[in-house]
Visitor: 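Let me give you the structure first, and then I'll get to my questions.
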Amino acid sequence: MKEHLEELLSQSLLHLVRDGYLGSECDIVPQLERTRTPEHGEFASNIAMVLAKRAGKPPRELAQAIIDKLPNSRQLNYAEIAGPGFINFHMDHVALTTVVKDILYHGDRYGHQPQNPDNEVTVEFVSANPTGPLHVGHGRGAAYGASLANILQAAGYKVQREYYVNDHGRQMDILAVSVWLRYLELCGEKLRFPDNGYRGDYIYNIAREVRNEIGDKWRFRGQDVLDGLPPDEAHGGDREVHIDAFIDRAREFLGQAGYEVFFETSVNSILVDIQQDLAAFGVKFDYWFSEKELEDSGALDHAIKRLEDNGHLYTKDGASWFRASELGDEKDRVVIRENGRTTYFASDIAYFLNKMERGFKKAIYIFGADHHGYIARLRAAAKGLGEDPECLEILLVQFAVLYRQGEKVAMSTRSGQFITLRELREEVGSDAARFFYVMRSHDQHLDFDLDLAKSQSNENPVYYIQYAHARICSVFRNLEEMNETHNEAIGEAALDLLTEPNEIKLLRELSRYPEAIETAARLRAPHQLAHYLQSLATEFHAYYNSHQFLVDDENIRNVRLNLILAAKIVLANGLELLGISAPESM
RNA sequence: GCGCCCGUAGCUCAACCGGAUAGAGCAUCAGCCUUCUAAGCUGAGGGUUGCAGGUUCGAGUCCUGCCGGGCGCGCCA
């Protein structure tokens with residue numbers, strides 16, 4: 001409906017340009033937007049006010065000229081000037097009822113654009129280090145990323161969902177050592193656990209796993225392990241120095257083979273856990289990208305060489321630096337350390353280049369708000385690589401702050417004090433959690449009241465939407481019990497009977513779905529879809545309460561069934577994109 | 001100190017390149033189940049969009065300053 005109007009407007013403007021009314025050039029795309037109130041019709045355009053200066057005419061006069069040149073259309077009832085120069089478009093009834101036909105015809109494809117293979121994007125999200133289970137902070141990124149990816153796909157993008165696995169760095173070493181220490185404890189050794197180690201219960205579980213596999217093969221006397229290590233923070237030392245010495249000690253005692261057992265088992269065990277967790281949350285990835293792979297495949301060297309060739313690297317203090325400050329970052333960045341190892345940032349650069357070389361037009365990154373420093377850094381990297389920085393898009397998801405009994409819940413992975421995504425899912429359910437996470441704009445802080453989510457889960461807005469879907473299903477069940485069938489053809493022939501105010505409002509809402517998808521995709525705003533579904537459910541519930549569907553008159557009955565079937569389809573489509581189930585009954 | 005994000009109803013939040021009378025839910029108050037699921041519906045009250053300027057036909061939205069909150073500023077990952 002909107003597209004049709006845009007076409008009409010463009011033709012009118014074209015006429016005016018040809019007649020010399022608007023001056024030489026007119027490349028302005030007509031802006032159409034939904035009106036706030038029905039008195040202003042379905043759509044309004046401010047085009048006359050925008051072009052008034054250029055045309056040298058008062059806005060209202062220009063508006064009249066535009067209206068005069070509008071081609072005839074049976075969908076458009078009339079257009080009128082309002083206020084300072086708005087053009088309000090009042091649609092014909094047939095334009096609204098056609099929507100029902102469209103929806104029943106297209107089914108779960110309604111409102112979704114055909115996939116354009118030339119518009120390929122990669123969306124990277126979650127990418128949490130495999131050092132522990134996902135917590136509720138990761139949940140928001142997961143829900144947001146998954147929903148956004150689905151919405152982009154519905155809007156016609158070809159989407160690849162990626163998870164970057166940091167299976168390489170020092171944090172992983174700390175993890176392996178933490179597991180080894182817990183393993184020694186299980187063997188009966190008494191050791192002091194480092195301040196900087198990972199403390200969660202899951203570390204014990206992995207240690208137990210290793211021990212079940214290989215018994216006491218890697219047991220050493222606790223005293224020998226600790227002997228001569230620099231003091232930990234609690235004893236007046238430096239926790240980083242202490243843990244690094246511990247890592248060296250582990251490599252020394254365990255040897256290459258033994259160290260790998262702890263390292264690999266830890267990473268794999270946690271990764272599998274994360275994968276299962278996300279799958280149960282309805283979040284699927286097309287590609288789990290391994291950081292280690294970057295080094296092994298030569299992609300890392302390749303990217304660094306590209307920077308070098310482009311003249312963006314220099315050497316200082318034995319390290320290799322990227323001249324990021326000349327490309328918009330606040331300071332230069334090390335890519336190869338004095339000790340010869342590449343930095344985490346070097347991997348980021350290589351990964352981005354890899355994405356571009358795989359042919360993506362756009363690489364979308366979804367990061368937690370604490371990563372905002374990455375924006376300038378990665379953009380500099382893109383420029384340094386000679387890639388278009390416009391291909392890089394970083395979306396920051398603000399923190400979800402948990403509240404329990406009115407108190408902020410403190411969280412830290414290292415201390416093992418966090419609420420896991422799994423716990424949240426089990427407590428409030430996947431559907432409610434998915435909805436809560438995306439019902440707010442991603443750039444807003446999210447207050448997640450656990451007690452409220454748990455105790456009052458029946459009042460979650462998600463149930464309101466699902467209930468609308470279930471009610472419609474119930475109507476059709478009742479129809480069957482009455483030994484009646486729904487005849488869509490009769491309904492379609494009777495579309496002009498949909499004249500009740502509640503029906504008009506529902507029709508209007510249904511016609512807005514394609515626009516909601518388009519807006520949500522363009523603004524990277526799944527919450528737009530969440531809000532749309534809420535107001536669609538509102539219109540349905542209002543209709544349900546004011547009119548009977550299963551009436552004797554077969555024209556009215558069937559046309560109303562057509563309408564609510566259309567509503568059911570759109571509700572299910574929208575919920576699907578948000579990763580939420582559409583139950584047949586509740 | 002420097003940088004990024006945010007500030008809208010009692011609470012949690014919407015408001016699509018700057019558009020018309022700033023909207024929902026929760027909470028509060030008053031109503032609606034002999035008929036398709038009351039996890040529902042109808043109605044009411046509730047606002048100087050943090051403050052002060054500026055830009056223009058028009059500002060919650062853009063610019064400047066201030067106030068308040070969050071986060072970030074490693075040869076960490």
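Here is the naming used below: chain letters follow the sequence lines, and residue numbers restart at 1 for every chain.
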Visitor: Does A:R471 count as lying over the ring of A:F540, i.e. NZ or CZ under 6.0 Å from the six-ring centre, within 45 degrees of the axis?
Guide: no
Visitor: Find the partner of B:G47: check Watson-Crick (N1-N3 plus N6-O4 or O6-N4) and G-U wobble (N1-O2, O6-N3) distances, both under 3.5 Å, and reply none if neither fits.
Guide: none
Visitor: Tell which nucleotide pairs with B:U34, taking only Watson-Crick or G-U wobble pairs whose two distances are both under 3.5 angstrom.
Guide: none
Visitor: Scan A:D317 against the nucleic acid and name what it touches under 4.0 Å (heavy atoms): base, sugar-phosphate only, or nothing.
Guide: base
Visitor: Return the nearest nucleotide to the side chain of A:R337; candidates are B:C41, B:C75, B:A14.
Guide: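 Shortest atom-to-atom distance from the side chain points to B:C75.
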Visitor: For the C1' atoms, the ones on B:U21 and on B:C17, what distance do you get once it is rounded to whole angstrom?
Guide: 23 Å
Visitor: Given atom CD of A:E584 and atom P of B:U37, what is their separation to the nearest angstrom?
Guide: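 For the pair A:E584 CD and B:U37 P, the rounded distance is 14 Å.
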Visitor: Could you check which of B:A77, B:U12, B:A20 has an atom nearest any side-chain atom of A:R377?
Guide: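 The answer is B:A77, which lies nearest to the side chain.
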Visitor: Establish, with yes or no, whether the OP1 or OP2 oxygen of B:A14 is under 4.0 angstrom from a side-chain nitrogen or oxygen of A:Q534.
Guide: no
Visitor: Using atom P of each nucleotide, how far apart are B:C5 and B:U28 to the nearest Å?
Guide: 39 Å
Visitor: Could you work out which one of B:G19, B:C6, B:A77 sits closest to the side chain of A:D443?
Guide: B:C6
Visitor: What about the rings of A:Y374 and A:F345, do their centers lie closer together than 6.0 Å?
Guide: no
Visitor: Taking CG from A:L313 and P from B:C75, how many angstroms apart are they, rounded to a whole number?
Guide: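 The distance from CG of A:L313 to P of B:C75 comes to 16 Å, rounded to the nearest Å.
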Visitor: By the 4.0 Å heavy-atom rule, please label A:A319 as base, sugar-phosphate, or nothing.
Guide: base
Visitor: Provide, to the nearest angstrom, the distance between the CG atom belonging to A:N545 and the P atom belonging to B:A38.
Guide: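 A:N545 atom CG is separated from B:A38 atom P by 7 Å.
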Visitor: Please find the pair of heavy atoms, one from A:H138 and one from A:A128, that lie closest to each other, and give the distance.
Guide: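 Nearest heavy atoms, A:H138 then A:A128: NE2-CB, 3.4 Å.
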Visitor: Across the strands shown, which category fits A:F476 at heavy-atom distances under 4.0 angstrom: base, sugar-phosphate, nothing?
Guide: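 No contact at all - A:F476 keeps every heavy atom at 4.0 Å or more from the nucleic acid.
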Visitor: Distance check: side-chain N/O of A:H527 vs OP1/OP2 of B:A15, anything under 4.0 Å?
Guide: yes
Visitor: Under 5.5 Å centre to centre and under 30° between planes: does that hold for A:H40 and the six-membered base ring of B:A20?
Guide: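 Given the distance and angle limits, yes, they stack.
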Visitor: Base, sugar-phosphate, or nothing: which does A:A44 touch, judged by heavy atoms less than 4.0 Å apart?
Guide: base
Visitor: Watson-Crick or G-U wobble partner for B:C11, using a 3.5 Å limit on both distances?
Guide: B:G25
Visitor: Using Watson-Crick or G-U wobble geometry with both distances below 3.5 Å, tell me the partner of B:G3, or none.
Guide: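 For B:G3, the partner nucleotide comes out as B:C71, under the 3.5 Å rule.
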Visitor: Looking only at atom P, what distance separates B:G70 and B:C29, rounded to whole Å?
Guide: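 Between the two P atoms, the distance is 35 Å.
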Visitor: What are the two closest heavy atoms between A:D329 and A:A380, and how far apart are they?
Guide: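 Closest heavy-atom pair between A:D329 and A:A380: CB-CB, 4.2 Å.
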Visitor: Is there a donor on the side chain of A:Y374 or the base of B:A77 sitting less than 3.5 Å from an acceptor on the other?
Guide: yes
Visitor: Under 3.5 Å, is there any donor-acceptor pair linking the side chain of A:N88 to the base of B:A20?
Guide: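 Present.
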Visitor: Ignoring hydrogens and angles, state whether a donor on the side chain of A:S511 or A:R34 is under 3.5 Å from an acceptor on the partner side chain.
Guide: yes
Visitor: Below 4.0 angstrom from OP1 or OP2 of B:G74, is there any side-chain N or O of A:K331?
Guide: yes
Visitor: To the nearest Å, give me how far apart CG (A:N558) and P (B:C36) are.
Guide: 20 Å
Visitor: Measure from the side-chain heavy atoms of A:M586 and tell me the nearest of B:C41, B:A15, B:U37.
Guide: B:U37
Visitor: For B:C4, does either OP1 or OP2 sit under 4.0 Å from a side-chain N or O belonging to A:Q398?
Guide: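 False: A:Q398 side-chain N/O out of range (4.0 Å or more) of B:C4 OP1/OP2.
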Visitor: From the options B:C76, B:A39, B:C6, select the nucleotide whose nearest atom is closest to the side chain of A:Q171.
Guide: B:C76
Visitor: Give a yes/no answer on whether the side chain of A:S474 brings an N or O atom under 4.0 Å of OP1 or OP2 in B:U37.
Guide: yes
Visitor: Roughly how far apart, to the nearest Å, are B:G18 and B:G60 at atom P?
Guide: 13 Å
Visitor: Given B:U37, B:A20, B:U21, which nucleotide is nearest the side-chain atoms of A:E39?
Guide: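 Side chain of A:E39 sits closest to B:U21.
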Visitor: Return the 5'-most residue of the pair A:F549, A:S441 with respect to RNA chain B, ranking by each residue's nearest nucleotide.
Guide: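 Whichever sits nearer the 5' end wins; that is A:S441.
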Visitor: With rounding to whole Å, what would you report as the distance between B:G68 and B:G50 at their P atoms?
Guide: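 These two P atoms come out 16 Å apart once rounded.
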Visitor: Students often get this wrong, so: under 4.0 angstrom with heavy atoms, is A:E515 touching a base, only sugar-phosphate, or nothing?
Guide: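 A:E515: no heavy atom of the nucleic acid under 4.0 Å.
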Visitor: Is there a donor-acceptor contact under 3.5 Å linking the side chains of A:D431 and A:Q466?
Guide: yes
Visitor: What I want to check is whether an N or O donor and acceptor connect the side chain of A:D370 with the base of B:G72 at under 3.5 Å.
Guide: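 Under the 3.5 Å cut-off, the side chain and the base do not form any donor-acceptor pair.
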Visitor: If you measure from the ring centre of A:F86 to the centre of the six-membered ring in the base of B:A20, is it under 5.5 Å, with the planes under 30° apart?
Guide: yes
Visitor: It should be established whether A:Q444 places a side-chain nitrogen or oxygen under 4.0 Å from OP1 or OP2 of nucleotide B:U12.
Guide: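 A:Q444 to B:U12 OP1/OP2: no side-chain N or O under 4.0 Å.
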Visitor: Taking B:A24 as the reference, what is the distance to B:U8 when you measure between their C1' atoms (whole Å, please)?
Guide: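 B:U8 and B:A24 have their C1' atoms separated by 13 Å.
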Visitor: Roughly, in whole Å, what's the span from CD in A:E330 to C1' in B:G74?
Guide: 12 Å
Visitor: In whole Å, what separates the C1' atom of B:A27 from that of B:A59?
Guide: 31 Å
Visitor: To the nearest Å, give me how far apart CD1 (A:I247) and C1' (B:A77) are.
Guide: 12 Å
Visitor: Does the side chain of A:S347 come under 3.5 Å of the side chain of A:E291 through a donor N or O and an acceptor N or O?
Guide: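 A:S347 vs A:E291: donor-acceptor pair found between side chains.
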Visitor: I'd like to know whether the aromatic ring centres of A:Y437 and A:Y144 sit less than 6.0 Å apart in this structure.
Guide: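 No.
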Visitor: Rounded to whole angstroms, how far apart are NE2 on A:H168 and P on B:A77?
Guide: 10 Å
Visitor: Which listed nucleotide (B:C16, B:A14, B:A77) is nearest to the side chain of A:R34?
Guide: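 Of all the options, the side chain of A:R34 is nearest to B:C16.
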Visitor: With the side chain of A:Y544 defined as its heavy atoms from C-beta on, choose the nearest nucleotide among B:C16, B:G40, B:A38.
Guide: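 Closest of the options to the side chain of A:Y544: B:A38.
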Visitor: Between B:C2 and B:C57, how far apart are the two C1' atoms, rounded to whole Å?
Guide: 40 Å
Visitor: Using a 4.0 Å heavy-atom cut-off, does A:A470 contact any base of the nucleic acid, only the sugar-phosphate backbone, or nothing at all?
Guide: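 Answer is base: heavy atoms of A:A470 come under 4.0 Å of a base.
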Visitor: Without decimals, in angstroms, what is the distance between A:E338 CD and B:C76 P?
Guide: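 My rounded result for the distance is 11 Å.
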Visitor: Taking N and O atoms by type only, does the side chain of A:H371 place a donor or acceptor under 3.5 Å from a partner on the base of B:G72?
Guide: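 No such pair is found, so the answer is no.
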Visitor: Relative to each other, are the rings of A:F549 and A:Y544 parallel, tilted or perpendicular (30° and 60° limits)?
Guide: perpendicular
Visitor: Can you tell which of B:G19, B:A77, B:C6 lies closest to the side chain of A:R170?
Guide: B:A77
Visitor: Please classify B:C29 as syn or anti, treating any glycosidic angle within 90° of 0 as syn.
Guide: anti
Visitor: Using only heavy-atom distances, decide whether a donor-acceptor pair under 3.5 angstrom links the side-chain of A:H541 to the base of B:C41.
Guide: no
Visitor: Among the candidates B:U35, B:G40, B:G72, find the nucleotide nearest to the side-chain atoms of A:Q548.
Guide: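 For the A:Q548 side chain, the nearest candidate turns out to be B:U35.
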Visitor: Examine B:U37: is either OP1 or OP2 under 4.0 Å from a nitrogen or oxygen in the side chain of A:N478? Give yes or no.
Guide: yes
Visitor: Applying salt bridge (charged side-chain N to carboxylate O under 4.0 Å, His left out) to A:E480 and A:R477, what does each step give before you reach the verdict?
Guide: CA-CA 5 Å; A:E480 258 179 63; A:R477 279 195 299 271; over 6 Å; no
